[in-house]
Amino acid sequence: MNGAHDMGGMHGFGPVVQEKDEPWFHGEWEKKAFALTLACGGLGQWNIDISRHAREKQPPGRYLDNSYYEQWLHGLEVLLVETGLVTEEELKTGKANGKSNVAALPADRVFKALQQGSPYAREVAHAPAFKPGDRVRVKSMNPPGHTRAPQYVRGHVGEIVMHHGAHVFADASARGEHGVAHHIYNVAFTAEELWGADGQGGAVHLDLWEPYLEPA
Amino acid sequence: MSSHDHHHDHDHDHEHPRLSELQLRVKALESLLIDKGLVDPAALDIFIDTYETKVGPRNGAQVVAKAWTDPAFKAQLLEDASAAIKSFGFEGRQGEHMVVLENTPRVHNMVVCTLCSCYPWPVLGLPPVWYKSAPYRARAVNDPRGVLRDFGTELPDDVEIKVWDSTAELRYLVLPMRPAGTEHLGEDELVDLITRNSMIGTEVVTFPAKVPEAAE
């Protein structure tokens with residue numbers, strides 16, 4: 001979707017400012033927003049792509065106004081209600097209407113879960129359509145759902161520099177479609193191709209799945 | 001203070017404009033999820049403790065220091081980063097598929113996630129606020145030299161800047177250049193020189209170590 005999260009190339013946000021002596025979390029609420037999100041992710045009711053989409057589909061004004069862990073908190077609340085783990089009413093009142101039939105991720109499984117992560121590489125039957133050195137164009141497209149092809153590269157031509165094998169396809173995975181995987185490539189775009197005379201030389205590299213690309 | 005300064009401040013200010021509301025909202029959600037049996041409170045503590053005290057940029061610094069001192073390891077790291085990094089025990093969530101990018105006198109690499117906040121957790125820990133902020137996500141791709149200046153980093157004009165936008169599940173770690181004059185230093189002393197920002201690519205490693213500049 002062409003949401004406020006798709007920030008590459010936007011103007012007007014000002015300088016990048018580092019925080020002095022930045023803590024890992026700013027206060028208890030950030031710690032808990034973080035840990036609750038990971039703990040509920042461990043319930044297995046959604047995947048990372050569904051989770052990203054829950055954050056980015058907020059109204060643009062709200063997305064831009066939120067601090068980072070507010071996005072996470074909002075995303076978590078949305079997913080809990082969408083999956084039916086929690087009702088709107090429970091979220092509003094804070095009072096549980098009975099126990100869930102889904103079991104919590106137990107503390108003694110946290111280490112293993114983090115250590116394993118969730119690998120995204122998959123075997124696919126079809127051969128890759130492109131190889132390093134090939135010129136490709138990112139298709140002109142505007143899908144209303146989750147996608148990982150930012151607006152600033154759509155319609156532009158780049159060169160394949162790496163083939164990473166096949167990975168779970170984020171666009172399908174965000175719709176809850178399991179088992180859809182495609183070849184994925186690192187594609188280099190010159191700054192001139194992306195930004196014209198306003199570019200600063202050099203290149204921008206993105207990882208893009210085969211369905212985003214066409215031969216150029 | 002201009003309006004963009006104001007907008008920007010709230011991302012890292014200790015006084016979040018909705019702080020008390022967020023504290024209550026998170027507390028209510030936490031008790032609700034515990035009451036429903038969806039969250040094990042002990043699991044929350046482990047998630048927080050892991051990323052506050054166990055996983056951080058010292059992990060990445062160990063990988064870089066070894067690459068600087070052991071050519072065979074460096075070759076392995078550039079060939080199969082996930083396996084080489086796993087040999088330190090650094091693996092799992094948000095680092096399932098690693099790629100290492102080598103800086104040279106001709107090429108400087110810088111990593112961003114314009115769409116959200118993708119970052120190699122096992123080697124760098126959780127990302128700093130600036131990495132997740134709109135100014136960085138917007139400008140890294142079309143104004144990389146301006147962003148580098150925000151960090152006090154000036155590169156010669158003939159150095160090519162490659163920006164890596166983490167649009168899929170590949171995670172990028174920059175292998176910074178070893179500074180001159182460090183030939184006599186051992187791995188442990190090198191680790192102390194290697195900053196988090198140098199492994200994201202917004203700074204270079206200096207010797208003697210640069211005293212971090214205070215944010216305004």
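Numbered from 1 within each chain, the chains take letters A, B, ... in sequence-line order.
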Subject >> Verdict with supporting geometry, A:Leu105 and B:Phe47, side-chain contact (heavy atoms from CB on, under 4.5 Å) >> reply: CA-CA 12 Å; A:Leu105 174 75; B:Phe47 280 122; 3.9 Å; yes

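- By the neighbour-count criterion of 12 heavy atoms within 6.0 Å, atom NZ of B:Lys36 is densely surrounded, having more than that number from other residues, nucleotides or ligands.
- Heavy-atom distances place no part of A:Leu194 under 4.5 Å from chain B, backbone and side chain included.
- Looking at A:Gln18 and B:Asn197, their side chains come closer than 4.5 Å, going by heavy atoms from C-beta outward.
- When all heavy atoms are compared, the tightest approach of A:Ala39 to B:Val39 is CB-CG2, 4.2 Å.
- A donor-acceptor pair under 3.5 Å links the side-chain atoms of A:Trp195 to the main chain of B:Val141, judged by distance alone.
- Taking 4.5 Å as the limit, some side-chain heavy atom of A:Glu70 sits within range of a side-chain heavy atom of B:Leu22.
- Relative ring orientation between B:Trp121 and A:Phe34 is described as tilted, the plane-to-plane angle lying within the 30° to 60° band.
- Heavy atoms of A:Glu22 lying under 4.5 Å from chain B belong exclusively to its side chain.
- Neither the backbone nor the side chain of A:Phe189 comes within contact range of chain B; no heavy atom of the residue lies under 4.5 Å from a heavy atom of that chain.
- At a 4.5 Å heavy-atom cutoff, the contact between A:His74 and chain B is made by backbone and side-chain atoms alike.
- Between A:Leu43 and B:Leu38 the shortest heavy-atom distance is CD2-O, 3.5 Å.
- Contact annotation for B:Leu24: neither backbone nor side-chain heavy atoms come within less than 4.5 Å of a heavy atom of chain A.
- Contacts between A:Ala191 and chain B at a heavy-atom distance below 4.5 Å are absent for every atom of the residue.
- Heavy atoms closer than 4.5 Å to chain B are found in the side chain of A:Ile184, but not in its backbone.
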